[in-house]
Amino acid sequence: MTTDPSIQAAGDEQPASQPDDTGAEVVVPNQELVKELLDQMKLRYLVDDDGDVCAPWENFRTYFMFHGEDEQQTFAARTFYERTYSIDDRPRLLDAADDWNRRTLWPKVYSHTQDDGTVRLIGETQMLVGAGVSLNHFVRSTVGWVSAAIEFDGWLRKQPGMAVDTDQDEGPHDPGQDPA
């Protein structure tokens, strides 16, 4: 996976980039920049009803979202893993998530128990971007987050008793399919 760290935000609504004290290009990222980066990474994506960009894979989907306003704006990548576990599996699932969280920087993984009693895992990472961020840092972080989301999916499958199925695809879904 290679990306061009010199990608530019496009369109009239995009904030102008400017160099910081070190000469690095600083931007205030937005959804158009995320889409451009995903295009360069050759990842398919869709935009959901809330306007969030979603890159769907066979067994998980990653949403790229912006929250907050002005200098407090946060960029988050949140991955929803599709495998469901029973409530009885939750202690073992939490042990695996704790192990991952101790060993890695991101994504930080937590469980979510649904109304029907099934348990799923969610991975999340975020950064403040409202005051601007180095374009190179934004690109490298986002690429790293995507790679880590894929890595976690593979890591979890290799943990004893955690694989629900073994026929897994590492590539993104067709964006025309329902990612849920």
Side-chain angles (χ1 to χ4, degrees), residues 1-4 7 29-67 75-127 138-180:
M1 178 179 325
T2 60
T3 61
D4 179 0
I7 61 173
N30 56 34
Q31 294 294 35
E32 292 307 313
L33 182 61
V34 171
K35 290 180 206 175
E36 191 170 338
L37 176 56
L38 294 175
D39 283 339
Q40 287 190 18
M41 294 169 67
K42 298 186 181 351
L43 295 176
R44 290 174 291 212
Y45 60 87
L46 53 93
V47 178
D48 71 8
D49 293 340
D50 295 326
D52 296 323
V53 175
C54 174
W57 275 261
E58 181 70 27
N59 298 302
F60 61 92
R61 62 198 187 280
T62 299
Y63 287 86
F64 302 92
M65 304 169 283
F66 291 88
H67 300 285
F75 171 62
R78 189 174 293 157
T79 301
F80 295 86
Y81 294 94
E82 299 295 330
R83 283 183 209 87
T84 58
Y85 300 88
S86 75
I87 196 71
D88 295 335
D89 292 327
R90 192 167 188 263
R92 198 165 31 101
L93 199 56
L94 291 177
D95 284 344
D98 286 350
D99 187 37
W100 172 266
N101 289 337
R102 275 190 299 274
R103 295 172 187 253
T104 63
L105 293 176
W106 20 258
K108 292 305 178 194
V109 179
Y110 54 92
S111 69
H112 174 73
T113 304
Q114 299 177 304
D115 291 340
D116 65 1
T118 59
V119 181
R120 290 188 180 190
L121 290 176
I122 301 169
E124 185 171 343
T125 189
Q126 46 190 295
M127 74 167 85
F138 180 77
V139 168
R140 289 176 186 258
S141 293
T142 304
V143 170
W145 295 351
V146 168
S147 295
I150 294 167
E151 183 180 340
F152 175 76
D153 183 61
W155 178 86
L156 187 64
R157 276 186 301 192
K158 294 176 184 172
Q159 301 310 299
M162 289 292 131
V164 173
D165 57 50
T166 56
D167 185 23
Q168 311 265 330
D169 178 18
E170 292 298 320
H173 256 303
D174 177 355
Q177 296 178 2
D178 179 13

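Positions are given from 1, in the same order as the sequence printed here.
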Over all atoms of both residues, closest heavy-atom pair of [X] and [Y]:
X: Met162; Y: Leu156; value: CB-O, 3.1 Å
X: Glu82; Y: Glu58; value: CG-O, 4.5 Å
X: Ala149; Y: Pro107; value: N-CD, 4.1 Å

Side-chain contact test, heavy atoms from C-beta onward, threshold under 4.5 Å: evaluate it for [X] versus [Y] and give yes or no.
X: Glu36; Y: Glu32; value: no
X: Leu37; Y: Val143; value: yes
X: Leu93; Y: Leu121; value: yes
X: Asn30; Y: Leu33; value: yes

Atom [atom1] in [X], atom [atom2] in [Y]: separation rounded to 0.5 Å?
X: Ser111; Y: Ile87; atom1: OG; atom2: CD1; value: 8.0 Å
X: Thr84; Y: Asp89; atom1: OG1; atom2: CG; value: 9.5 Å
X: Asp52; Y: Phe66; atom1: CG; atom2: CZ; value: 9.5 Å
X: Arg103; Y: Asp98; atom1: CZ; atom2: CG; value: 11.5 Å
X: Tyr81; Y: Arg157; atom1: OH; atom2: CZ; value: 11.0 Å
X: Ile122; Y: Thr62; atom1: CD1; atom2: OG1; value: 11.5 Å

Report task. Go through the structure and list residues passing side-chain hydrogen bond (donor to acceptor under 3.5 Å, both in side chains) with Asp88, not counting sequence neighbours. Result ->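 Partners of Asp88 under the side-chain hydrogen bond (donor to acceptor under 3.5 Å, both in side chains) test: none.
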
Requested in this report: Kindly write out the residues that satisfy side-chain hydrogen bond (donor to acceptor under 3.5 Å, both in side chains) with Gln31, not counting sequence neighbours, or none if the list is empty.
Outcome: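 For Gln31, no residue satisfies side-chain hydrogen bond (donor to acceptor under 3.5 Å, both in side chains) once neighbours in sequence are set aside.
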
**Report entry** Short side-chain to backbone donor-acceptor contact, Lys108 and Thr104, under 3.5 Å
**Finding:**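 Side chain of Lys108 to backbone of Thr104, a donor-acceptor pair under 3.5 Å: yes, one is there.
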
Report task. Give a yes or no on whether the backbone of Gly161 and the side-chain of Arg92 come within a donor-acceptor separation of less than 3.5 Å. Result ->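 Indeed, once roles are kept as given, a pair shorter than 3.5 Å links the two residues.
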
Query raised in the report: Would you call Arg78 and Glu124 a salt bridge, taking side-chain N to carboxylate O under 4.0 Å as the test?
Result: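 A salt bridge links Arg78 with Glu124.
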
**Report entry** Matching residue for Phe80 among Trp57, Phe60, Tyr63 - test: ring pair (Phe, Tyr, Trp, His ring centres under 6.0 Å)
**Finding:**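 Passing option: Tyr63.
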
Requested in this report: Pick out which of Phe138, Phe75, Phe152 makes a ring pair (Phe, Tyr, Trp, His ring centres under 6.0 Å) with Trp145.
Outcome: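 Single ring pair (Phe, Tyr, Trp, His ring centres under 6.0 Å) partner of Trp145 among Phe138, Phe75, Phe152: Phe75.
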
Report task. Examine Phe64 together with Tyr45 and report whether their ring centres are nearer than 6.0 Å. Result ->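 No, they do not, as the ring centres are separated by 6.0 Å or more.
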
